[in-house]
2 protein chains.
Amino acid sequence: MTAARPCSIADALSVVGEKYSLLVLREVFLGVRRFDAMVRAVGVPRDVLAARLRHLIEAGVLEKVPYSERPPRYEYRPTEAGLELRGVLQLLQRWGDRHLADRPPVVFEHSCGEVLDPVVTCRSCERPVAPDDVRVRSAIPEWDAAGARP
Amino acid sequence: MTAARPCSIADALSVVGEKYSLLVLREVFLGVRRFDAMVRAVGVPRDVLAARLRHLIEAGVLEKVPYSERPPRYEYRPTEAGLELRGVLQLLQRWGDRHLADRPPVVFEHSCGEVLDPVVTCRSCERPVAPDDVRVRSAIPEWDAAGARP
DNA sequence: CCAGTGGGTTGGAAAACTGGACTCACTGTA
DNA sequence: TACAGTGAGTCCAGTTTTCCAACCCACTGG
């Protein structure tokens with residue numbers, strides 16, 4: 001990779017962008033927190049899962065909590081930072097449901113009692129953010145849209 | 001992959017979960033829509049970019065639009081479906097800014113005039129969706145949280 | 001004692017990624 | 001006319017990752 005645009009999206013993806021990482025997180029949010037159960041639910045090779053869990057723990061997204069001393073057994077729980085990724089999964093799911101699925105989606109219910117239909121809104125004005133409702137304010141000058149490199 | 005949980009998140013990731021795909025989308029949203037500019041901004045190998053663009057077009061996320069006849073030149077634009085992925089990137093960026101970045105983030109401005117701080121809300125009640133504000137309503141029975149497989 | 005479970009590690013083949021060189025079709029400059 | 005440059009790729013050899021099955025260890029329950 002030769003000097004790409006510096007960007008927190010890229011940084012975030014270096015944590016959760018590897019294959020299976022977000023699916024592991026999905027399982028954690030669904031309550032599946034043990035190694036073997038994850039292997040089955042995600043369909044991930046065991047060695048890859050072990051690597052992903054290590055990486056996610058190291059990045060502070062999950063934590064490994066013992067639930068049995070003898071034999072030593074652990075479960076994987078989301079940290080505060082991990083929980084904040086839930087919105088990403090909710091949006092991905094909505095997108096998949098709308099544009100790809102040909103199958104009854106898994107439906108989530110919000111605490112308000114209705115089926116959850118997640119929308120991104122602006123914290124300030126509390127209105128939905130439409131796709132073209134945003135402008136770049138403080139970009140790094142050399143990395144403007146022209147794609148020119150310093 | 002041996003029979004994983006059926007899920008639109010996984011489906012969505014099979015479209016945008018490959019390495020670089022979301023970064024290509026980031027560029028498209030920033031207005032970088034041509035091959036060479038993407039190579040520079042994303043830092044992706046040229047053949048990989050070519051493959052990703054093909055895949056994203058095929059999946060209906062981008063479209064290839066000619067902007068010059070002679071010589072033939074194309075640019076890549078988001079479709080309606082593609083635009084709907086913008087929220088995912090906004091949340092990933094927010095997450096990266098909060099948890100990883102040690103660098104001044106690229107700031108976006110919402111059309112309301114304030115700096116964009118994206119929050120996921122429930123379309124019905126219009127209130128923010130907290131990490132544990134949701135319950136599964138209609139899961140596929142065999143794929144409950146226990147992770148047992150049929 | 002024996003099968004089963006949870007949580008891994010190991011090894012080799014297959015697939016994906018990497019960086020660079022190369023092509024082709026033009027354009028703009030001298 | 002020649003020549004450098006650009007845009008959009010393709011091709012290739014070498015390196016990493018992934019994949020998958022098999023194996024290991026510690027323990028439990030019958």
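When reading the values below, keep in mind they use all heavy atoms of this one structure, side chains included, and skip hydrogens, waters and symmetry mates. So you know, we letter chains A, B, ... as the sequences are listed, proteins then strands, and number each from 1.
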* **B:Arg54 side-chain N/O to D:dT10 phosphate OP1/OP2 under 4.0 Å** => yes
* Structure fact -> Ranking A:Lys64 and B:Val48 by the position along DNA chain C of their nearest nucleotide, the one closer to 5' is A:Lys64
* Hey, is B:Lys19 close enough to A:Glu18 for a salt bridge, meaning N to O under 4.0 Å? -> no
* To do: With DNA chain D as reference, determine whether B:Arg34 or B:Asp47 sits nearer its 5' end, using the nearest nucleotide of each.
  => B:Arg34
* Rounded to whole angstroms, how far apart are CG on B:Leu49 and C1' on C:dG19? -> 15 Å
* Structure fact -> Between OH of B:Tyr20 and P of D:dT17 the distance, given in whole Å, is 11 Å
* Asked: Whole Å only: how far is the CG atom of B:Leu53 from the P atom of D:dG9?
  -> 7 Å
* To do: Hey, could you give me the OH/CG distance between A:Tyr20 and A:Leu49, rounded to the nearest 0.5 Å?
  => 10.5 Å
* Structure fact -> Taking for B:Ala51 and for A:Arg52 the nucleotide of DNA chain D with the nearest heavy atom, the one nearer the 5' end belongs to B:Ala51
* Between B:Lys19 and D:dT17, does any side-chain N or O lie under 4.0 Å from OP1 or OP2? -> no
* To do: To the nearest 0.5 angstrom, please state how far the CZ atom of B:Arg26 sits from the CD atom of B:Gln90.
  => 14.0 Å
* For A:Ile57 and C:dG7, what is the distance between atoms CD1 and P respectively, to the nearest whole Å? -> 12 Å
* Any salt bridge between B:Arg86 and B:Glu84, counting N to O under 4.0 Å? -> no
* Structure fact -> Rounded to the nearest 0.5 angstrom, the CZ-CD1 distance for B:Arg77 and B:Ile57 is 12.0 Å
* To do: Compare every heavy atom of B:Pro78 with every heavy atom of B:Glu63, then report the nearest pair and how far apart it is.
  => OE2-O, 4.4 Å
Show the distances under 3.5 angstrom between N or O atoms of the protein and N or O atoms of nucleotides 23-25 of chain D.
none

* Structure fact -> Between OH of A:Tyr74 and P of C:dG8 the distance, given in whole Å, is 8 Å
List, one per line, each side-chain donor-acceptor pair under 3.5 Å for residues 105-114 of chain A, sequence neighbours excluded.
residue: A:Glu109; atom: OE1; partner: B:Arg137; partner atom: NE; Å: 2.8
residue: A:Glu109; atom: OE1; partner: B:Arg137; partner atom: NH2; Å: 3.2
residue: A:Glu109; atom: OE2; partner: B:Arg135; partner atom: NH2; Å: 3.3
residue: A:His110; atom: NE2; partner: B:Asp133; partner atom: OD2; Å: 3.3

* A:Glu18 CD to D:dT16 P: how many Å, rounded? -> 16 Å
* B:Met38 CE to D:dG7 P: how many Å, rounded? -> 13 Å
* To do: Measure from CZ on B:Phe35 to P on D:dA8 and round the result to the nearest Å.
  => 8 Å
* Asked: Can B:Trp95 be reached from A:Val134 by stepping across I, L, V, M, F, W or Y side chains whose heavy atoms are under 4.5 Å apart?
  -> yes
Where do N or O atoms of nucleotides 27-30 of chain D meet protein N or O atoms at under 3.5 Å, pair by pair?
residue: D:dC27; atom: OP1; partner: A:Arg70; partner atom: NH2; Å: 3.0
residue: D:dT28; atom: OP1; partner: A:Arg70; partner atom: O; Å: 3.4

* Asked: Between atom CG of B:Asp132 and atom CG of A:Leu83, what is the distance when rounded to the nearest 0.5 Å?
  -> 6.0 Å
* Would one find a side-chain N or O of B:Tyr76 under 4.0 angstrom from OP1 or OP2 of D:dG9? -> yes
